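This chain uses plain numbering: 1 for the first residue, then up along the sequence. Just so you know, these numbers come straight off a predicted model, no measurement behind them.
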Amino acid sequence: MQVLSGTGFRRLEQAVQAGEMRQKVISNNIANADTPNFKRSEVLFEELLQGAAGANQPVLQGRRTNARHIAIGPSGSVPEAQRITDEHDRMNNNANNVDIDREMALLAQNQLGYNVYIQQISHDVKMMRTAIEGR
């Protein structure tokens, strides 16, 4: 039985972890907005998830009845968030590339996304509790 270990729940779990990582990265970018030669970083998750889900590929998935079978279609794996550093852009004369307005907007966007993921997890757990308790 895969109640809390299914692919959908693992995606939500990874999305929450990506949101936490993104919060730290953006906060670090904001803290170093005036540091000479500092290069901003960002977190990739949604792009990796779309790539793993095969967003641009036709949906055809085979059923595996044995672990030795070759998977057909998108796999149920969930990618982990990756931190990348932007080495090419320059915003200031001190070779720093942090745009404080952009970082603040990304921080607000990340907070909204994080809240949505937490609400979805809470809803899923509440639905399972309702199914188990029968109320």
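- In this structure the side chain of V16 reaches within 4.5 angstrom of the side chain of I121, judged on heavy atoms.
- Here L107 is tied into one hydrophobic group with I26, I30, I100, M104, L106, each link being a pair of ILVMFWY side chains closer than 4.5 Å.
- The CG atom of L44 sits 12.0 Å away from the CZ atom of R83 when rounded to the nearest 0.5 Å.
- In this structure, the side chain of N96 engages the main chain of A33 through a donor-acceptor pair within 3.5 Å.
- Using a 4.5 Å cut-off on side-chain heavy atoms (C-beta onward), N37 and N94 make no contact.
- Between K126 and R129 the shortest side-chain heavy-atom distance does not fall below 4.5 Å.
- Among I118, D124, V116, the single residue meeting the side chain to side chain contact (heavy atoms under 4.5 Å, CB included) criterion with Q120 is D124.
- Under a 4.0 Å N-O distance rule, the pair E46/R22 qualifies as a salt bridge.
- Partner S41 forms a side chain to side chain donor-acceptor pair (under 3.5 Å) with one of D86, N28, N32, T85 and no other, that one being T85.
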Discussion item. Could you walk me through whether V25 and N29 satisfy the side chain to side chain contact (heavy atoms under 4.5 Å, CB included) test, starting with their C-alpha distance in whole Å, then the side-chain angles of each, then the deciding distance to 0.1 Å, before giving a yes or no?
Written reply: CA-CA 6 Å; V25 167; N29 290 342; 4.0 Å; yes

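- A donor-acceptor pair shorter than 3.5 Å cannot be found between the side chains of Q119 and N115.
- Between E103 and R40 a salt bridge is recorded (basic side-chain N to carboxylate O distance below 4.0 Å).
- M21 CE to Q14 CD: the interatomic distance, rounded to the nearest 0.5 Å, is 9.5 Å.
- Residues Q23 and Y114 form no side-chain contact, since every pair of their non-hydrogen atoms from C-beta on lies 4.5 Å or further apart.
- In E20, the CD atom is crowded: over 12 heavy atoms of neighbouring residues, nucleotides or ligands sit closer than 6.0 Å.
- The heavy-atom pair separating F45 from R11 by the smallest distance is CZ-O, 4.2 Å.
- Both Y117 and F9 are assigned to one and the same hydrophobic cluster, defined by single-linkage of ILVMFWY side chains at heavy-atom distances under 4.5 Å.
- Taken to the nearest 0.5 Å, the CD atom of E87 stands 8.0 Å off from the CG atom of N97.
- When all heavy atoms of A81 and V43 are compared, the closest pair comes out as CB-CG1, 3.7 Å.
- Contact of the K39 side chain with the H88 side chain is not registered, since no non-hydrogen atoms from C-beta on lie closer than 4.5 Å.
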